[in-house]
Amino acid sequence: MDKHVTVRVKSGRAMSWPPTDDEHSIAFAYNQAGERYESYADGGADELFAFDGLHAFGDRTIWSILDGKLRALRSSGARSVRILDLGCGPGTWLCRVVMRASELGFTSIQARGIDIAETQVRRASARGRRLAIAGLELAFESGDICAQQPEASLSVDLCLCLYGVLNHIPIDHMPNLLSEVARVTRGDFIATMRAKGSMPTICVDAIEEARWFWHDHRNDLLEAELQNGRHISFGFHLFDADEIRALSAPSFEMTELRGLDLFHGRFAGDRRWNPSSARTSAGFLRELDRLEHLYCRDPEFLDHATHLLFVATPRNVVSRSNTCDTRVSHRTR
């Protein structure tokens, strides 16, 4: 018989909790988070491009890269684009990308988001149905990002895996996952993951919503009890820069690795003990942004970031490109 832990929530209903090494414990946590997770992770649902929430600096940095990749592809003459979002959550980032692709003049946009949490997928699907974009084929599906994906080899122009999704993947599953991403991707893979020196997180909500939390680094396990009495427990592995380089090297050629939110002072405010008068000023945030850009690639700072931002191209794509360049060079001679 499977081991289960019984927890009691504020409503008084008893819920059966699956074992922590089961992927369903992750799905259960994010399913129960509901719309609060969207607000915590992505900010206001109605202003997709405001980028003024808790993770504003990281969001702006990621968006600048995504926008640049779309612009470069469109400038190359492409009129179609295919996007894959692994761990899409409520669909915020994928909707941002397809809206921007339409604005840039792509006439055929194929996009798919996949997530293990069915509640988040339903929220993403509802949001996607509200988009009125010509030439858009958008699907959100519940599934395992570690499984083989239905996309054809070298068919995806932009593959996303943002904000801690990879932290939930057992480390011994990472090589196969990255190999599969490299198989389907002909463009760029853009991912972010929590760094070893990051501030504590409970993933599904702001840290002040926790009564207590515990991260067992040795066993890659995160446990917490929320203010509403709900208990969460699932796998959570923190990465350092060298580990990312080693894991990705067989499948990818890395083009960017930088830290996001190196200076945790921007997250210091906590309504449990900080008065409202302790809000950070615009000048303070501007100075933090300047320092972020200055030190984001410095090895002394990198592993102390909140997230590590990874951008890479599959090695099989780079090899094909180099072969084609060599052939063109020989013909020119």
Side-chain angles (χ1 to χ4, degrees), residues 51 54-69 72 86-87 93 158-175 177-179 181-182 185 187-201 203 207 215-222 235-268 280 284-315 317-318 322:
F51 299 129
L54 180 66
H55 307 101
F57 176 80
D59 288 349
R60 289 196 303 270
T61 303
I62 294 167
W63 181 246
S64 176
I65 291 175
L66 292 175
D67 184 55
K69 297 297 183 184
L86 301 173
W93 282 97
L158 201 56
C159 183
L160 317 180
C161 191
L162 301 177
Y163 281 124
V165 173
L166 293 178
N167 295 101
H168 292 307
I169 304 302
I171 198 66
D172 58 339
H173 292 189
M174 284 289 293
L177 186 155
L178 293 174
S179 176
V181 172
T185 305
D188 295 281
F189 177 44
I190 299 174
T192 58
M193 59 286 288
R194 277 267 174 174
K196 282 194 172 177
S198 62
M199 290 280 284
T201 180
C203 297
I207 196 72
H215 188 187
D216 182 350
H217 295 278
R218 180 174 296 178
N219 295 301
D220 291 336
L221 177 65
L222 175 63
F236 194 69
H237 175 82
L238 296 174
F239 290 94
D240 62 36
D242 286 343
E243 186 176 29
I244 293 170
R245 292 187 186 99
L247 284 168
S248 63
S251 301
F252 287 94
E253 184 166 300
M254 187 175 66
T255 58
E256 175 74 283
L257 184 63
R258 72 168 80 170
L260 298 177
D261 292 319
L262 306 172
F263 302 101
H264 303 152
R266 68 173 76 242
F267 302 119
T280 53
F284 177 73
L285 291 177
R286 282 196 299 271
E287 180 63 12
L288 283 183
D289 286 3
R290 185 185 71 82
L291 294 172
E292 292 278 354
H293 290 296
L294 183 62
Y295 292 107
C296 67
R297 298 178 184 85
D298 190 317
E300 292 294 321
F301 286 80
L302 200 54
D303 290 338
H304 297 281
T306 301
H307 289 93
L308 294 168
L309 170 64
F310 171 79
V311 183
T313 304
R315 288 198 178 277
V317 174
V318 174
N322 290 341

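In what follows, residues are counted from 1 in the order of the sequence shown. These figures come from a predicted structure and were not determined experimentally.
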Next on the checklist: Please find the pair of heavy atoms, one from Ala191 and one from Leu166, that lie closest to each other, and give the distance.
Outcome noted: CB-CD1, 4.0 Å
Item to check | Flag side-chain contact, heavy atom, 4.5 Å: His237 against Glu243 | outcome: yes
Next on the checklist: So does Cys203 get a backbone contact from the side chain of Thr201, meaning a donor-acceptor N/O pair under 3.5 Å?
Outcome noted: yes
Item to check | His293 and Phe57 aromatic centres sub-6.0 Å | outcome: yes
Checklist entry - For atom OH of Tyr295, is the number of surrounding heavy atoms from other residues, nucleotides or ligands below 6.0 Å larger than 12? => result no
Next on the checklist: When you compare the side chain of Leu260 with that of Ile62, does any pair of heavy atoms fall below 4.5 Å?
Outcome noted: yes
Item to check | Leu302 side chain reached by Leu257 side chain, heavy atoms, under 4.5 Å | outcome: yes
Checklist entry - Considering all heavy atoms of both residues, which atom of Leu262 and which atom of Ala305 are nearest to each other, and what is their separation? => result CD2-CB, 3.4 Å
Checklist entry - Step by step, would you call Ile190 with Leu309 a side chain to side chain contact (heavy atoms under 4.5 Å, CB included)? => result CA-CA 7 Å; Ile190 299 174; Leu309 170 64; 4.0 Å; yes
Next on the checklist: Would Val181 and Ser251 count as a side chain to side chain contact (heavy atoms under 4.5 Å, CB included) here? Give the steps.
Outcome noted: CA-CA 9 Å; Val181 172; Ser251 301; over 6 Å; no
Checklist entry - Is a side-chain N or O of Thr192 found less than 3.5 angstrom from the main chain of His307, in a donor-acceptor match? => result no
Item to check | Lys/Arg-Asp/Glu bridge criterion (N-O < 4.0 Å) met for Lys196, Asp303 | outcome: no
Item to check | Qualifying residues under side-chain hydrogen bond (donor to acceptor under 3.5 Å, both in side chains), relative to Asp289, sequence neighbours excluded | outcome: Arg60, Arg266
Checklist outcome for this item: side-chain hydrogen bond (donor to acceptor under 3.5 Å, both in side chains) filter on Glu256, not counting sequence neighbours, yields Arg258, Arg297
Next on the checklist: Please give me the minimum heavy-atom distance between Phe239 and Leu308, naming the atom from each residue.
Outcome noted: O-CD1, 3.9 Å
Item to check | Euclidean distance, Leu247 CG relative to Met193 CE, rounded to 0.5 Å | outcome: 9.0 Å
Checklist entry - Would you say Cys161 and Phe189 make side-chain contact, with heavy atoms under 4.5 Å? => result yes
Checklist entry - Counting distance only, does the side-chain N/O of Thr255 pair as donor-acceptor with the main-chain N or O of Val311 below 3.5 Å? => result yes
Next on the checklist: Looking at Ser64 and Thr61, would you say the former's side chain and the latter's main chain have a donor-acceptor pair under 3.5 Å?
Outcome noted: no
Checklist entry - With distance as the sole test, does His215 use its side chain to make a donor-acceptor pair with the main-chain N or O of Leu222 at under 3.5 Å? => result no
Next on the checklist: Return the CG to CZ distance between Leu178 and Phe310, rounded to the nearest 0.5 Å.
Outcome noted: 7.0 Å
Item to check | Criterion side chain to side chain contact (heavy atoms under 4.5 Å, CB included) on Met199 and Asp261, from CA distance to verdict | outcome: CA-CA 10 Å; Met199 290 280 284; Asp261 292 319; over 6 Å; no
Next on the checklist: So, taking the atom named CG in Leu285 and the one named CZ in Phe263, what distance separates them when rounded to the nearest 0.5 Å?
Outcome noted: 13.0 Å
Checklist entry - Which atoms form the tightest heavy-atom contact between Cys159 and Leu86, and what is the distance? => result SG-CD1, 3.9 Å
Checklist entry - What's the verdict on side chain to side chain contact (heavy atoms under 4.5 Å, CB included) for Leu66 and Leu158, showing C-alpha distance, side-chain angles and the deciding distance? => result CA-CA 8 Å; Leu66 292 175; Leu158 201 56; 4.0 Å; yes
